[in-house]
K.L.:
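Sharing a structure, written as structure tokens. Questions coming.
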Amino acid sequence: GSADELILESDGDAGISIFTPAANTGYIFFADPDGNNSGGIAYSHNTNKMEFRVNDSYPVVINSSGQVGIGTDNPDKKLKIKATGATEDVLEVESLNGSVTHRLEMYNNAGAIRVYRGGQPQHIIGADSQFSGTVFNELGDSDVDFRIESDTLTHAFFVDASEDKVGIGTDAPTEAL
């Protein structure tokens with residue numbers, strides 16, 4: 001739609017202000033015939049928190065410290081994403097042209113995170129009943145090297161996946177160890 005039922009026009013800056021007492025909340029609601037507040041924005045002056053309403057709930061909040069919560073109304077980090085299912089994608093990062101996609105998945109609801117590259121699982125970090133510890137190159141079908149850096153060495157510990165060799169202090173290991 002054109003959204004031209006209410007227009008504010010100015011030669012300079014323009015805006016809309018919603019004034020409420022300090023202990024109250026200001027709202028903007030989006031409605032349809034089935035509900036008068038299906039979507040919206042709420043700002044609580046009491047807690048200095050802004051909430052974004054979607055499908056009759058508030059899945060996104062920004063608290064007074066600027067911390068953003070998705071799936072939680074009480075974020076305690078700059079960005080906190082709370083998964084709601086046992087196995088659920090929580091973050092996807094896609095390249096500008098869509099050719100490369102990485103994503104994180106909460107895995108088996110047991111503290112493990114699965115890292116995907118190009119739609120395929122690559123690493124499991126954490127532990128659950130199926131995987132103990134950290135698994136790199138889960139599929140084992142691609143050349144995924146692994147290294148640990150120290151303060152002075154970029155290859156303090158190095159696994160060359162294509163050669164199945166392990167090196168300490170080198171990026172060209174010669175032994176399987």
K.L.:
Output yes when a side-chain donor or acceptor of Arg147 lies under 3.5 Å from a complementary backbone atom of Thr154, and no otherwise.
P.N.:
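At least one qualifying donor-acceptor pair exists.
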
K.L.:
Can any side-chain N or O of Ser65 pair as donor or acceptor with the backbone N or O of Gln67 at less than 3.5 Å?
P.N.:
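Absent.
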
K.L.:
Which heavy atom of Asp73 sits nearest to which heavy atom of Lys49, and what is that distance?
P.N.:
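For Asp73 versus Lys49, the nearest heavy atoms are O-NZ, 3.1 Å.
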
K.L.:
Which atoms form the tightest heavy-atom contact between Leu153 and Ala156, and what is the distance?
P.N.:
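Minimum heavy-atom separation between Leu153 and Ala156: CB-N, 3.9 Å.
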
K.L.:
Between Arg53 and Tyr58, is NZ or CZ placed under 6.0 angstrom from the six-membered ring centre and within 45° of the ring axis?
P.N.:
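Checked: cation-pi criterion met.
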
K.L.:
Taking C-beta and beyond as the side chain, do Ile70 and Lys80 meet within less than 4.5 Å on heavy atoms?
P.N.:
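Not in contact.
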
K.L.:
Do Phe158 and Pro173 have side chains that approach each other closer than 4.5 Å (heavy atoms only, starting at C-beta)?
P.N.:
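The answer is yes; the side chains approach within 4.5 Å.
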
K.L.:
Do His155 and Thr170 have side chains that get closer than 4.5 Å, going by heavy atoms?
P.N.:
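A side-chain contact is absent here, since even the closest heavy-atom pair is not under 4.5 Å.
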
K.L.:
What residues form a side chain to side chain contact (heavy atoms under 4.5 Å, CB included) with Thr174, not counting sequence neighbours?
P.N.:
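Applying side chain to side chain contact (heavy atoms under 4.5 Å, CB included) to Thr174 gives none.
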
K.L.:
What do you reckon, is CG of Asp32 surrounded by more than 12 foreign heavy atoms closer than 6.0 Å?
P.N.:
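Yes.
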
K.L.:
Would you call the rings of His45 and Tyr43 parallel, tilted or perpendicular if under 30° counts as parallel and over 60° as perpendicular?
P.N.:
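Judged by the thresholds at 30° and 60°, the geometry between His45 and Tyr43 is perpendicular.
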
K.L.:
To the nearest 0.5 Å, what is the distance between CE on Met50 and OG1 on Thr25?
P.N.:
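Met50 CE to Thr25 OG1: 11.0 Å, rounded to 0.5 Å.
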
K.L.:
Quick one about Asn55 and Ser57 (side-chain donor to acceptor, distance below 3.5 Å, no hydrogens or angles considered), yes or no?
P.N.:
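Distance-only check fails for Ser57 and Asn55.
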
K.L.:
Start with the C-alpha distance between Val54 and Val60, add both sets of side-chain angles, then the distance that settles side chain to side chain contact (heavy atoms under 4.5 Å, CB included), and finish with yes or no.
P.N.:
CA-CA 9 Å; Val54 178; Val60 179; over 6 Å; no

K.L.:
Report yes if some heavy atom in the side chain of Val61 is under 4.5 Å from a heavy atom in the side chain of Val68; otherwise report no.
P.N.:
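Val61 vs Val68: side chains apart.
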
K.L.:
Should Leu8 and Ile28 be regarded as members of a common hydrophobic cluster, given that ILVMFWY residues are connected when their side-chain heavy atoms come within less than 4.5 Å of each other, either directly or indirectly?
P.N.:
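No, separate clusters.
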
K.L.:
Does any non-hydrogen side-chain atom of Ile62 lie less than 4.5 Å from one of Phe52?
P.N.:
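Of all side-chain heavy-atom pairs linking Ile62 with Phe52, at least one is under 4.5 Å.
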
K.L.:
Under the side chain to side chain contact (heavy atoms under 4.5 Å, CB included) criterion, do Asp160 and Val166 qualify, and how do the steps go?
P.N.:
CA-CA 6 Å; Asp160 186 336; Val166 177; over 6 Å; no

